[in-house]
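Comments concern the structure below.
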Amino acid sequence: NLQVQVQLPTGLAATQNAGSAEIYGLDADAVWRATSELTFTAGASLLHARYDQFKNAVVLRPVITAGRLSGNVNTVVDASGNALPRAPDYTFTLVTDYTKELSAGTFNANVSLFYTDTVYFDSDERVHQGPYGLVNAQMSFKPQGTNFKVGVWAKNLTNKDYISSTFIQAVGDVQGR
């Protein structure tokens, strides 16, 4: 018995019984310490997360009035077989980490790659983010004999535009990037 949150036309949220879902997957990580200073990490997640039965799913769908989008309206659909929200079929990560002990302190640099399959944000699979990848990096230095570290980091080095969150409501959809 799966419970999901739905938006009412008033803007308030309600809980709805989604019937049942089938969820299973595999998560694996591997670490290779190439040297005492260099480590490689890889991770993969495979996920099957689908509604088995969700014949009375209340979803918000766009309304077109006089050729213009004028918000969303509650509609009942059969979402059986659809993916559960925020449950991509697969994700992958690769990380390279380099740490060097120096007489003045410890230097660290790391680069990470992340890739994800399509992510749906609603039971209707209407609002979604297609597959994308991110590259992040950081460098830091911790002076010897101290309890502080100085560092710089950069996220999304390829400047990929992607949806990280959504708020689907009667007046329209809001997407966070």
Side-chain angles (χ1 to χ4, degrees), residues 2 4-9 11-13 16 18 21 23-31 39-51 54 57-75 77-98 108-141 149-177:
L2 181 66
V4 296
Q5 184 176 342
V6 297
Q7 284 287 318
L8 301 174
L12 298 175
Q16 180 184 14
I23 304 169
Y24 59 87
L26 172 71
D27 184 64
D29 296 301
V31 178
T39 304
F40 298 96
T41 305
S45 176
L46 306 174
L47 180 64
H48 174 88
R50 304 281 184 274
Y51 293 110
F54 196 5
V58 177
V59 300
L60 286 167
R61 289 220 174 140
V63 174
I64 307 295
T65 305
R68 297 188 62 188
L69 183 62
S70 61
N72 292 320
V73 65
N74 281 75
T75 306
V77 300
D78 183 357
S80 301
N82 286 1
L84 270 65
R86 292 182 168 80
D89 287 343
Y90 56 85
T91 61
F92 301 104
T93 46
L94 295 172
V95 179
T96 300
D97 192 74
Y98 177 76
N108 175 264
N110 133 347
V111 175
S112 64
L113 307 171
F114 170 77
Y115 187 82
T116 184
D117 188 26
T118 299
V119 175
Y120 296 99
F121 293 98
D122 63 334
S123 301
D124 197 24
E125 295 186 344
R126 180 178 66 82
V127 181
H128 65 280
Q129 167 62 58
Y132 68 94
L134 298 175
V135 179
N136 303 315
Q138 71 87 26
M139 287 191 312
S140 65
F141 181 76
K149 180 172 31 173
V150 177
V152 295
W153 51 265
K155 290 186 174 183
N156 195 4
L157 287 168
T158 58
N159 201 28
K160 174 66 180 165
D161 192 23
Y162 64 98
I163 300 169
S164 61
S165 63
T166 62
F167 186 57
I168 304 166
Q169 54 188 339
V171 295
D173 302 335
V174 177
Q175 300 172 348
R177 295 186 183 263

Glu125 side-chain N/O to Ala83 backbone N/O, donor-acceptor pair under 3.5 Å: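 Such a contact is found between Glu125 side chain and Ala83 backbone.
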Does any N or O in the side chain of Asp117 come within less than 3.5 Å of the main-chain N or O of Pro131, such that one atom is a donor and the other an acceptor?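 No.
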Do the non-hydrogen side-chain atoms of [X] and [Y] ever get within less than 4.5 Å of each other?
{"X": "Val111", "Y": "Asn136", "value": "no"}
{"X": "Val95", "Y": "Asn110", "value": "yes"}
{"X": "Tyr120", "Y": "Thr118", "value": "yes"}
{"X": "Met139", "Y": "Tyr98", "value": "no"}
{"X": "Tyr24", "Y": "Leu47", "value": "no"}

Euclidean distance, [Y] [atom2] relative to [X] [atom1], rounded to 0.5 Å:
{"X": "Thr158", "Y": "Leu134", "atom1": "OG1", "atom2": "CG", "value": "6.5 Å"}
{"X": "Phe114", "Y": "Lys160", "atom1": "CZ", "atom2": "NZ", "value": "12.5 Å"}
{"X": "Leu84", "Y": "Leu2", "atom1": "CG", "atom2": "CG", "value": "6.0 Å"}
{"X": "Arg61", "Y": "Asn74", "atom1": "CZ", "atom2": "CG", "value": "11.5 Å"}
{"X": "Asp78", "Y": "Ser123", "atom1": "CG", "atom2": "OG", "value": "11.5 Å"}
{"X": "Asn108", "Y": "Phe141", "atom1": "CG", "atom2": "CZ", "value": "11.5 Å"}

Is there a side chain to side chain contact (heavy atoms under 4.5 Å, CB included) between Leu60 and Thr75 once you walk through the steps? CA-CA 6 Å; Leu60 286 167; Thr75 306; over 6 Å; no
Specify the closest pair of heavy atoms between Ala57 and Gln16, including all atoms of both residues, with the distance to one decimal. CA-NE2, 3.9 Å
Closest heavy-atom contact between His128 and Phe121?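 Residues His128 and Phe121, closest heavy atoms: CA-CD1, 4.0 Å.
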When the side chains of residues 85-94 are checked against the rest of the protein, which donor-acceptor pairs come out under 3.5 Å, sequence neighbours left out?
| unit_1 | atom_1 | unit_2 | atom_2 | d |
| --- | --- | --- | --- | --- |
| Asp89 | OD1 | Arg50 | NH1 | 3.2 |
| Asp89 | OD1 | Arg50 | NH2 | 3.0 |
| Asp89 | OD2 | Arg50 | NH2 | 3.2 |

Side chains of Asp124 and Asn82: do they bring a donor and an acceptor to under 3.5 Å? no
Start with the C-alpha distance between Val77 and Arg126, add both sets of side-chain angles, then the distance that settles side chain to side chain contact (heavy atoms under 4.5 Å, CB included), and finish with yes or no. CA-CA 12 Å; Val77 300; Arg126 180 178 66 82; over 6 Å; no
Start with the C-alpha gap between Leu69 and Ile64, add the side-chain angles, then the distance that decides, and say whether side chain to side chain contact (heavy atoms under 4.5 Å, CB included) holds. CA-CA 5 Å; Leu69 183 62; Ile64 307 295; 4.0 Å; yes
